[in-house]
Number of protein chains: 2
Amino acid sequence: MARPTIADIATRAGVSKGAVSFALNGRPGVSDATRERILKIAEQMSWRPHSAARALGASRVDSVGMVIARPARTLGVEPFFAHLLSGVQSGLSAESISLQLLIVEDTAAEIEVYRRWASEHRVDGVILVDLTVKDPRVDELKALELPAVVIGGRGGKGALASVWADDRDAMLSIVEYLAALGHRRIAHVAGTPIFQHTQRRIRALRDAAPRLGLVDAPSLTTDFSDAEGAAITRKLLSQSERPTAIVYDSDVMAVAGLGVAMEMGVSVPGDLSIVAFDDSILTQLMHPALTALSRDTFEFGRQAAEVLLETIADPAQVINRRTADPVLTVRESTAPPS
Amino acid sequence: MARPTIADIATRAGVSKGAVSFALNGRPGVSDATRERILKIAEQMSWRPHSAARALGASRVDSVGMVIARPARTLGVEPFFAHLLSGVQSGLSAESISLQLLIVEDTAAEIEVYRRWASEHRVDGVILVDLTVKDPRVDELKALELPAVVIGGRGGKGALASVWADDRDAMLSIVEYLAALGHRRIAHVAGTPIFQHTQRRIRALRDAAPRLGLVDAPSLTTDFSDAEGAAITRKLLSQSERPTAIVYDSDVMAVAGLGVAMEMGVSVPGDLSIVAFDDSILTQLMHPALTALSRDTFEFGRQAAEVLLETIADPAQVINRRTADPVLTVRESTAPPS
DNA sequence: TGCAGGAGCTATACCGGTTTATCAAACCCA
DNA sequence: TGGGTTTGATAAACCGGTATAGCTCCTGCA
């Protein structure tokens with residue numbers, strides 16, 4: 001027999017389909033003796049539930065979704081997603097729940113996907129990344145009644161469940177370190193201002209500047225691309241009063257910035273210190289290797305999966321879980337200003 | 001009404017469930033007038049098929065799977081997968097088929113996933129990457145009768161369907177260019193020899209060497225890591241007769257190699273030309289920017305999806321589709337030997 | 001005029017599970 | 001000993017579609 005069904009097992013065990021279902025799902029309704037007998041037979045026949053059948057009956061599909069709305073070309077460089085995915089999967093695998101992944105161009109397409117998933121019952125819940133200010137996805141998901149957890153964006157009231165790390169503290173740990181080295185002119189090459197985490201980082205720097213005695217601490221926003229990262233760096237280093245340290249919101253921009261510094265004859269870390277707000281193999285491949293903020297992205301994903309499963313189990317509660325703080329990994333690109 | 005079922009539409013249209021099913025699936029059995037009426041009502045009620053119900057009845061789940069067996073840390077750097085995924089999705093989206101993605105540690109785990117997917121009917125087919133010599137996955141998938149398409153590995157008889165580019169030609173286009181520049185000592189820092197594509201590249205170089213008058217053309221295998229790429233480069237550049245050009249099987253290794261050259265005071269491209277057998281943003285971020293082989297990875301993925309769908313539709317035929325040849329993108333890291 | 005054949009549709013079984021109503025037997029305690 | 005509760009199990013309904021056998025009515029052709 002190719003793929004045994006629950007009915008086959010029932011026949012073989014001399015019981016009803018219902019009894020087999022109870023036994024296999026570990027719920028009351030059968031005696032321990034019968035349960036064990038059924039389990040053994042199921043094992044023997046190497047029975048596995050038919051996911052569609054189960055989904056139809058139990059109205060849950062044991063599958064969650066994740067949509068990444070970024071053009072593919074900016075995606076590949078970032079180990080962030082690969083690690084995040086691995087973490088999510090590790091969190092899901094315990095319950096043997098599968099993950100649907102989709103890469104789309106923009107948020108509009110992403111919302112379309114949620115609508116389709118909801119109406120076709122393809123997922124039990126979704127994981128959101130890159131939360132923006134006044135993110136339209138939040139309301140949409142609430143309207144669809146699709147359980148969701150946001151990665152990286154703590155929400156206020158009426159928000160979705162979330163898993164977050166403290167961007168504010170992270171930024172502080174960077175600039176406090178730079179200030180301690182003696183830097184007073186620190187620039188921040190940020191990402192797009194529509195992301196909440198970008199806003200939080202900018203605010204953190206602005207708030208900390210007076211306390212740390214920073215002369216000038218501008219945050220300049222970009223689209224996260226290497227091109228804009230390079231352009232802004234070129235501009236910063238062309239000023240008469242150039243910064244002695246630059247913090248980049250991503251590893252790619254930091255590398256692009258390092259390239260500009262070299263091209264302009266600005267020595268790193270002699271004349272300029274560089275810090276990347278994200279760690280990866282990229283930062284380690286460089287010469288000098290870049291000082292970077294390391295986050296346990298895998299753990300991030302794992303926790304997101306956990307929170308999502310809890311949210312699916314009980315949609316009423318809204319969990320906001322804070323994960324371990326990121327730590328600064330100091331390498332060769334930071335030194336006291338000359 | 002939250003989510004209308006086919007029965008709701010039937011009631012509203014005053015016909016039977018069967019008629020509605022016929023109409024919605026565009027198959028004969030209803031008149032054009034009735035069909036149109038049903039379609040309009042379905043549209044009005046914004047009906048969408050319940051994927052599980054459809055899967056159960058039609059015994060296909062409109063979902064395909066892809067497992068990547070690599071430790072997550074080596075994965076993130078490669079835009080390859082991000083582009084590939086986007087391409088696959090674009091190929092699938094036409095039929096609104098979803099993609100399940102899984103990242104696992106090794107091939108054993110990967111095979112486990114295939115078994116589970118097959119027994120739970122979670123996917124209609126799978127896409128394989130990184131085909132190895134005597135790959136155990138091939139036999140396993142045939143035993144499971146799970147339709148599959150291999151990316152990057154043309155198969156002989158009894159093989160699975162595939163989508164491939166000509167590694168041999170690709171390697172030739174690189175070494176012929178280097179030979180034309182005047183290089184006679186070319187080294188090849190390859191990936192793991194267990195991958196079929198690694199073997200093909202090595203063989204292509206070996207076969208072409210005499211014809212191109214190469215004095216020495218060693219292929220040295222690695223595990224694709226930056227560390228081994230750097231180590232081998234260090235060894236190559238320490239020889240009394242050092243190569244004047246090095247071809248790296250991946251962008252990460254090429255970047256690591258460039259770092260070693262700089263650290264040893266070997267100027268690129270003055271004393272050493274560098275070519276990466278894979279293009280990405282990484283190669284463009286470097287100074288000098290690296291000459292690299294560009295493949296249309298997106299298209300690769302799109303075609304893989306297409307071939308997979310055809311294979312699912314008719315498992316008897318085995319399609320082997322060749323995609324566009326990769327082209328060499330010349331940047332700043334190659335020049336005639338001094 | 002009669003009948004074959006096809007178009008158009010209905011009724012129903014079915015896919016493989018879960019869930020619920022029901023029931024018999026055993027058990028409990030006064 | 002008898003009535004009520006608990007336990008272990010069954011049969012049947014159900015989830016939302018698809019597939020199919022069969023029915024009715026209309027058409028065409030001899």
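None of these values were measured; they are calculated from a predicted model. Throughout, protein chains are lettered first and strands after them, A, B, ... in sequence-line order, and every chain is numbered starting at 1.
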Exercise. Counting heavy atoms not belonging to A:E36, are there more than 12 under 6.0 Å from its CD?
Worked result: no
Problem set entry | Interface with DNA chain C, restricted to residues 28-39 of chain A and to heavy atoms under 4.0 Å | none
Problem set entry | Nearest heavy-atom neighbours spanning A:I9 and A:I38 | CG2-CG2, 4.2 Å
Problem set entry | Donor + acceptor pair across side chains of B:S93, B:S90 (<3.5 Å) | no
Exercise. Does a side-chain N-to-carboxylate-O contact under 4.0 Å join A:E299 and A:R302?
Worked result: yes
Problem set entry | Separation of atom CD1 in B:I9 from atom P in D:dG17, rounded to whole Å | 8 Å
Exercise. Per the end-axis method with five pairs at each terminus, what is the bend angle of the helix from C:dT1-D:dA30 to C:dA30-D:dT1, to 10°?
Worked result: 40°
Exercise. Does some side-chain heavy atom of B:R116 sit less than 4.5 Å from a side-chain heavy atom of A:R48?
Worked result: yes
For this session: Summarise how protein sits on nucleotides 17-23 of chain C as a single string, 5' to 3': B when a protein heavy atom is under 4.0 Å from the base, S for sugar-phosphate-only contact, - for no contact.
Result: BBBB---
Exercise. B:H121 NE2 to C:dG16 C1': how many Å, rounded?
Worked result: 10 Å
Problem set entry | Atom pair distance, as rounded to whole Å: CZ in A:R122 and P in D:dG17 | 13 Å
Problem set entry | Given B:V126, B:I103, B:L308, B:L85, the one that forms side-chain contact (heavy atoms from CB on, under 4.5 Å) with B:M66 | B:L85
Exercise. Does a side-chain N-to-carboxylate-O contact under 4.0 Å join A:E120 and B:R54?
Worked result: no
Problem set entry | Pair A:R115 + A:E140: basic N to acidic O under 4.0 Å | yes
Problem set entry | From OG (B:S63) to CD1 (B:I97), nearest 0.5 Å | 8.5 Å
Exercise. Just wondering, are more than 12 heavy atoms of other shown residues or ligands nearer than 6.0 Å to CD in B:Q317?
Worked result: yes
